[in-house]
2 protein chains.
Amino acid sequence: MERAERGERILEAAKELLLAWGYRRVTIDEIARRAGVGKGTVYLHWKTKDSLMLAVVLKAKWRSQQQQLARMRADPRNILPSRMLRGFYRDFLAEPVLRALYTDDADVLGRLNDTAKKELTELMEVSDQALHGSLEILREHGLVRTDTDLRHQQYALLSMAAGFFLAEAMLYDRAPDSPEVRGDIFADTVHRAVEISPEEFAAGQPPGAAHGPTHGEAVAAAAPDVIALYARMEEHSARELRRHVRD
Amino acid sequence: MERAERGERILEAAKELLLAWGYRRVTIDEIARRAGVGKGTVYLHWKTKDSLMLAVVLKAKWRSQQQQLARMRADPRNILPSRMLRGFYRDFLAEPVLRALYTDDADVLGRLNDTAKKELTELMEVSDQALHGSLEILREHGLVRTDTDLRHQQYALLSMAAGFFLAEAMLYDRAPDSPEVRGDIFADTVHRAVEISPEEFAAGQPPGAAHGPTHGEAVAAAAPDVIALYARMEEHSARELRRHVRD
DNA sequence: CCGTGACCAGATTCGACATCTGGTCACGGA
DNA sequence: TCCGTGACCAGATGTCGAATCTGGTCACGG
């Protein structure tokens with residue numbers, strides 16, 4: 001469809017300008033000019049400016065979720081929290097829109113924070129639930145420690161993620177090594193905090209009994225459920241994104 | 001000395017007003033009134049308003065360091081990163097000034113952020129060095145993992161601390177349980193990330209050989225050096241604080 | 001019937017004027 | 001003599017109406 005392609009152009013123009021100028025300085029006129037359409041046309045696709053800008057953010061988030069899902073499908077080990085969050089961290093570093101979103105960059109996002117906060121906290125809750133659900137599944141398969149309360153684990157994971165993301169903005173000038181290495185540090189920290197390593201997994205099997213699953217087998221067994229969970233989340237995001245497009 | 005007591009009153013008044021009204025709304029006039037002195041008298045103690053406000057923050061930080069040190073002296077186990085950071089976290093929750101400082105509360109701190117940022121980053125570096133030094137000592141005594149690069153451990157610790165502090169501000173409405181429990185989660189996460197547990201410590205001793213130190217003995221052995229390190233930091237803070245007082 | 005840009009109302013910015021406040025210092029009291 | 005004080009000043013900050021800008025609409029033209 002010709003129409004959909006035009007919508008993409010507008011979204012792309014909005015994104016470029018948002019990152020270059022920040023929410024306040026961007027005008028619908030300029031977006032329309034850059035997308036090569038009339039101003040009114042923008043309003044054939046989005047109801048308001050807020051809606052359009054929010055769509056930019058939602059799309060970035062959705063893309064990240066798609067990539068996450070693709071990684072899980074390519075290698076089931078990516079369902080483990082440490083791997084998942086490292087992927088998330090990489091997406092975050094690679095996508096300026098996400099960086100602005102998670103470091104709460106007031107200049108770039110402007111009143112988007114206010115207007116769309118409700119929308120975004122709803123999405124936050126959805127990903128919270130996904131995290132909760134996946135932890136439950138991973139616990140059942142003996143891949144995540146059960147000697148700690150699940151809600152506490154969740155809080156720790158959220159806090160760690162917040163910390164490493166914030167550190168990226170805060171310590172930008174004395175952050176060690178490359179982004180990849182920092183991602184590894186993050187993954188390592190998460191791993192130690194909540195996961196059961198392959199060695200521990202093997203040691204934890206009932207000794208002498210008929211051999212239970214290996215760590216790899218447990219991961220493979222847990223993968224479909226976790227993937228299904230995140231697929232639902234991804235669909236939710238896609239719906240949410242479409243909800244902002246007219247007609 | 002009468003003079004010192006008056007200085008304290010001014011500092012206390014400044015702190016109260018800073019927390020109640022925020023940097024911008026606080027006037028020297030009001031501080032003087034509340035401290036029961038003339039406006040000019042404030043300037044007999046501090047050179048500028050910035051200096052005074054910075055002193056409020058520095059004093060809070062210094063007090064926290066004093067308490068930290070006292071805890072270490074009372075129980076050597078408090079030299080372990082998990083214990084140390086939990087103490088730090090508690091101080092942080094108990095002292096509104098520190099909460100404002102570490103969550104970068106722009107409304108309360110105002111341009112303090114700009115003016116005094118240099119000063120504070122210097123202090124930050126000092127505590128960075130203290131952290132680095134104490135990790136080295138703890139590694140030598142087999143109390144902290146050596147299978148990870150020290151600088152990476154340090155980055156992870158800073159990020160985790162940033163995350164749990166930020167989470168306190170971010171998730172205030174859905175944070176689980178009590179502050180104490182959150183402190184325990186924090187300590188637990190830090191413990192798993194960098195420390196060697198008593199069990200691992202015992203297992204890690206050269207087997208069969210003449211029995212090496214127990215975990216508790218290793219802690220006791222490491223304590224004096226770590227305490228000396230933090231005592232130096234505390235003195236540095238005290239000097240810095242005094243530097244802002246006139247004469 | 002879809003795309004457009006002139007148009008409007010309300011939001012934002014600007015700038016001159018008024019007020020406030022950090023910092024000084026001459027004075028008065030001990 | 002010397003310490004504490006508050007009147008005072010300059011520059012920062014706030015106010016408020018006019019001027020400008022911009023999100024959103026809609027009548028028109030292709």
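Numbers restart at 1 for each chain; the letters A, B, ... are given by sequence-line order, proteins then strands.
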Show me the donor-acceptor pairs within less than 3.5 Å that the side chains of residues 157-164 of chain B make with the rest of the protein, sequence neighbours left out.
unit_1: B/Ser159; atom_1: OG; unit_2: B/Tyr155; atom_2: O; d: 2.9

message: Before you tell me yes or no, could you show the steps for A/Asp91 and A/Arg86 under salt bridge (charged side-chain N to carboxylate O under 4.0 Å, His left out), namely the whole-Å CA-CA distance, both residues' side-chain angles and the distance that decides it to 0.1 Å?
response: CA-CA 9 Å; A/Asp91 292 343; A/Arg86 180 169 56 187; over 6 Å; no
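- No donor-acceptor contact under 3.5 angstrom links the side chains of A/His152 and B/Asp184, judged on distance only.
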Every protein N/O within reach of nucleotides 25-29 of chain D N/O, cut-off under 3.5 Å:
none

Close N/O contacts between protein and nucleotides 13-15 of chain C (under 3.5 Å):
unit_1: C/dT13; atom_1: OP1; unit_2: A/Arg24; atom_2: NH2; d: 3.0

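- Between the C1' atom of D/dC21 and the CD1 atom of A/Ile31 lies a distance of 15 Å, rounded to the nearest Å.
- If you check D/dG14 for Watson-Crick or wobble pairing at under 3.5 angstrom, you find it paired to C/dC17.
- Distance from the side chain of A/Lys49 is smallest to D/dG24 among D/dG24, D/dT22, C/dT21.
- Residues A/Asp29 and B/Gly36 both approach DNA chain D. Their nearest nucleotides, taken by heavy-atom distance, put B/Gly36 toward the 5′ side.
- By the side-chain contact (heavy atoms from CB on, under 4.5 Å) test, A/Ala20 pairs with no residue at all, sequence neighbours left out.
- No side-chain donor-acceptor contact under 3.5 Å links A/Tyr43 and A/Lys49.
- A donor-acceptor pair shorter than 3.5 Å cannot be found between the side chains of B/Tyr102 and B/Glu168.
- As rounded to whole Å, 14 Å separates atom C1' of D/dC21 from atom CD of A/Glu30.
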Write down the protein N/O and nucleotide N/O pairs, taken from nucleotides 2-4 of chain D, whose separation is under 3.5 Å; answer none if there are no such pairs.
unit_1: D/dG4; atom_1: OP1; unit_2: B/Arg6; atom_2: NH1; d: 2.5
unit_1: D/dG4; atom_1: OP1; unit_2: B/Arg6; atom_2: NH2; d: 3.1
unit_1: D/dG4; atom_1: OP2; unit_2: B/Arg6; atom_2: NH2; d: 3.2
unit_1: D/dG4; atom_1: O5'; unit_2: B/Arg6; atom_2: NH1; d: 3.3

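- The CD1-P distance, from B/Ile28 to D/dA7, rounds to 17 Å in whole Å.
- Residues satisfying the salt bridge (Lys or Arg N to Asp or Glu O under 4.0 Å) criterion with A/Glu240, sequence neighbours excluded, are A/Arg243.
- Between B/Glu30 and B/Arg33 there is a salt bridge, since at least one side-chain N of the basic residue sits less than 4.0 Å from a carboxylate O of the acidic one.
- Between B/Arg63 and B/Glu95 there is no salt bridge, since no side-chain N of the basic residue sits under 4.0 Å from a carboxylate O of the acidic one.
- Across all strands shown, D/dT25 forms a Watson-Crick or G-U wobble pair with C/dA6, both key distances being under 3.5 Å.
- Salt bridge absent: A/Lys59 and A/Glu12 never bring a charged side-chain N and a carboxylate O closer than 4.0 Å.
- Residue-level contact check: B/Val42 touches neither bases nor backbone, having no heavy atom under 4.0 Å from any strand.
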